[in-house]
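Have a look at the structure below before the remarks.
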Amino acid sequence: MAGTGAFAEIVDGDVFKYYADGEWKKSSSGKSVGIVNPSTRKTHYKVQACTQEEVNKVMETAKAAQKSWAKTPLWKRAELLHKAAAILKEHKSPIAEALVKEIAKPAKDSVTEVVRSGDLISYCAEEGVRLLGQGTFLVSDSFPGNERTKYCLTSKIPLGVVLAIPPFNYPVNLAVSKIAPALIAGNSLVLKPPTQGAVACLHMVHCFHLANFPKGLISCITGRGSEIGDFLTMHPGVNCISFTGGDTGIAISKKAGMIPLQMELGGKDACIVLEDADLGLVAANIIKGGFSYSGQRCTAVKVVLVMESVADALVEAVKAKVAKLTVGAPEEDCDITPVVSESSANFIEGLVMDARDKGATFCQEYKREGNLIWPLLLDKVRPDMRIAWEEPFGPVLPVIRIGSVEEGIHHCNASNFGLQGCVFTKDINKAMLISDAMESGTVQINSAPARGPDHFPFQGIKDSGIGSQGITNSINMMTKVKSTVINLPTPSYTMG
Ligand code: NAP
């Protein structure tokens, strides 16, 4: 059970502690932040509301700890990461339990998130030792006008203190996808978990503590992003920010100083369906892509753009599958579970009502109880409806019927988002042309958009992000190139 056994020391009464300088601490604020269970809409857990002084202290210790961590051999850093991964997997149950209660993620998917996170840490350790174990060697005589008098050696050095801010929907996985690359590259790490998901994150951080990482190298500051977020992201002690979330990321990028930013933001992933597509395959992918975790995924299918000639058949096939989705409690592993908050449910309802008022065809009756929204397919959506453009982050999927491929590409590219997209056709040549024309970070051919496997590059363009994630790209992003040039008194040619 969360907060018991190996995790007993991370909680004090009914409030979970924050983690700084290798210890679990109570905030001097004496205040806590409640975490509301999306299913019951009652406060389920509490975390510390950390103060600005506590953030200052954490930044100081993170800076000091990073200096000695950077001198720790790479293989030892990797060894500790492997240890943390094993401990995390061993303790998957209490962490998954917290995910069920904090973000209403179905029980099985919650366990999968923790196991996947352990695998990500191990993969990152392995990738890191190879990637960071290499540098480059350049000679001067390849550039016009130079003799071979200069040898340039480059290596990758850490940035310093990395601030990691993950969102609620994959709090553990998206936290470790920042923590592991930062640490293997020799950085220290300050984590600001999402409020919904903070308790799962604190348990995950304790697994790093149990693995015996040096004091101060990892810290976890809790509190509402709206209250301590700006202080953290504008803190002079931060050397890099890795953020995943919504529009907040755009505001952060405007305020952050001259430091590297990795921003993975929202998406409106389009699914373009051509006449020759295997409609059974498309329907299965629309269900998986649009309704997994109740549509609360950055890479969920968020708009279907289907050729008019096959639209009736596709809508019928998707409707039949929607009817089979189970709706209810995350503890019972239902497909559709309550969305994360009441305000999120209200936002989704606003999009649905706007579509209704403007004449969309409802394939199911709209139904909501508390934060639980039944899956809904909206057919014949038109561009004047908000849902054609906005990210519902819920189990509601619009279908726009298109008369040509160009129309589909135009809709996709008119979006301010550009995370992923997908195209379904048996014609690989057409698929390639469409993929090239789509302004999105990744295009999946004949499958729903997906972030994984975790070593694949993952990036958004336009308002969907800055930089690229994926294990290798994140390690590279959290390092800087350092050169040393050896200047020879006379030209020297190898074997010359
Ligand atoms: P969010 O509201 O932007 O919050 C993300 C994180 O930012 C949370 O930890 C939040 O903390 C924190 N935060 C809030 N205000 C802040 C501030 N002023 N300064 C610094 N941090 C602040 O997003 P969300 O609702 O958790 O997640 C849903 C969004 O994330 C969707 O738009 C989705 O598409 C996107 N997403 C993108 C990806 C991707 O890789 N592209 C992956 C997953 C999700 P609190 O919880 O305490 O407010």
Side-chain angles (χ1 to χ4, degrees), residues 18 32-36 38 47-50 55 102-103 105 113 163-175 177-178 190-201 220-235 238 241-256 261-269 292-302 339-341 343-345 347-348 390-394 415-420 440-442 449-452 454 456-470 473-474:
Y18 78 101
S32 62
V33 175
I35 297 170
V36 176
V47 293
Q48 308 289 326
C50 292
V55 171
E102 290 182 284
I103 58 165
K105 183 167 281 190
E113 177 170 342
L163 173 64
I165 307 182
F168 81 84
N169 60 346
Y170 289 89
V172 174
N173 186 261
L174 289 171
S177 74
K178 304 171 189 315
V190 177
L191 173 68
K192 201 315 266 174
T195 297
Q196 303 289 139
V199 170
C201 280
C220 187
I221 286 282
T222 52
R224 286 201 189 288
S226 51
E227 282 162 25
I228 53 162
D230 283 356
F231 191 72
L232 273 163
T233 53
M234 289 160 50
H235 201 284
V238 172
I241 301 175
S242 177
F243 175 92
T244 306
D247 287 351
T248 319
I250 298 177
I252 293 174
S253 66
K254 288 183 180 144
K255 290 181 225 161
L261 301 177
Q262 188 178 46
M263 293 280 162
E264 293 292 344
L265 312 182
K268 183 73 183 172
D269 295 5
S292 297
Y293 187 35
S294 309
Q296 296 172 113
R297 295 165 52 246
C298 54
T299 54
V301 169
K302 293 189 184 125
V339 296
V340 71
S341 64
S343 62
S344 179
F347 175 77
I348 297 163
E390 294 180 43
E391 189 186 28
F393 234 59
S415 169
N416 57 326
F417 292 118
L419 191 59
Q420 288 211 358
S440 51
T442 303
R451 190 162 51 86
D454 288 320
F456 279 15
F458 180 55
Q459 55 280 320
I461 55 179
K462 298 192 270 187
D463 284 355
S464 288
I466 301 175
S468 177
Q469 276 197 12
N473 287 346
S474 290

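Whatever order the structure lists them in is the order used to number ligands and atoms, beginning at 1. Residues: numbered from 1 along the sequence shown. Only this structure's heavy atoms are used, side chains among them; waters, hydrogens and symmetry mates stay out.
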From the options [options], select the one whose nearest heavy atom is closest to [atom].
| atom | options | result |
| --- | --- | --- |
| atom 36 (N) of ligand 1 | Ser226, Gly249, Cys298 | Cys298 |
| atom 18 (N) of ligand 1 | Thr222, Leu174, Thr195, Asp230 | Asp230 |
| atom 30 (O) of ligand 1 | Cys201, Gly245, Gly267 | Gly245 |
| atom 1 (P) of ligand 1 | Pro167, Pro194, Gly246, Gly223 | Gly246 |

Do [X] and [Y] touch side chain to side chain, with heavy atoms closer than 4.5 Å?
| X | Y | result |
| --- | --- | --- |
| Pro193 | Thr222 | yes |
| Val36 | Ser341 | no |
| Phe458 | Thr299 | yes |
| Tyr293 | Lys105 | yes |

Worked verdict on Ser440 versus Leu419 for side-chain contact (heavy atoms from CB on, under 4.5 Å): CA-CA 5 Å; Ser440 51; Leu419 191 59; over 6 Å; no
Residue, atom name and distance, where the atom is the protein heavy atom closest to [atom]:
| atom | answer |
| --- | --- |
| atom 2 (O) of ligand 1 | Thr248 OG1, 3.9 Å |
| atom 26 (O) of ligand 1 | Phe168 N, 3.1 Å |
| atom 8 (C) of ligand 1 | Pro166 O, 3.5 Å |
| atom 21 (N) of ligand 1 | Ile165 CD1, 3.7 Å |
| atom 11 (O) of ligand 1 | Lys192 NZ, 2.9 Å |
| atom 48 (O) of ligand 1 | Gly225 N, 3.7 Å |
| atom 41 (N) of ligand 1 | Leu265 O, 2.6 Å |

List the atom of [X], the atom of [Y], and the distance in Å for their closest heavy-atom pair.
| X | Y | value |
| --- | --- | --- |
| Ser464 | Gly266 | OG-O, 2.6 Å |
| Gln469 | Ser242 | NE2-OG, 4.5 Å |
| Pro38 | Val339 | CB-O, 3.4 Å |

Pairing residues for Ile250 by the side-chain contact (heavy atoms from CB on, under 4.5 Å) criterion, not counting sequence neighbours: Asp247, Lys254, Leu265, Asp463
Element-labelled atoms of ligand 1 that are located less than 4.0 Å from some non-hydrogen atom of [X]:
| X | result |
| --- | --- |
| Gly229 | 17 (C), 19 (N), 20 (C) |
| Arg224 | 47 (O) |
| Leu419 | 41 (N) |
| Phe393 | 28 (C), 31 (C), 33 (C), 34 (O) |
| Phe458 | 39 (C), 40 (O) |
| Phe243 | 3 (O), 5 (C), 6 (C), 7 (O) |
| Asn169 | 43 (C), 44 (C) |
| Glu264 | 37 (C), 38 (C), 39 (C), 40 (O), 41 (N) |

Short N-O contact, Glu391 and Lys302, less than 4.0 angstrom: yes
Side-chain ion pair, Lys268 and Glu390, N-O less than 4.0 Å: no
Glu391 N/O under 3.5 Å from ligand 1 N/O: yes
Lys178-Thr244 side chain donor-acceptor pair, cut-off 3.5 Å: yes
Mode of Thr299 contact toward ligand 1 - side chain, backbone, both, neither (heavy atoms, under 4.0 Å): neither
Whether Gln296 side chain and Gly394 backbone form a donor-acceptor pair below 3.5 Å: no
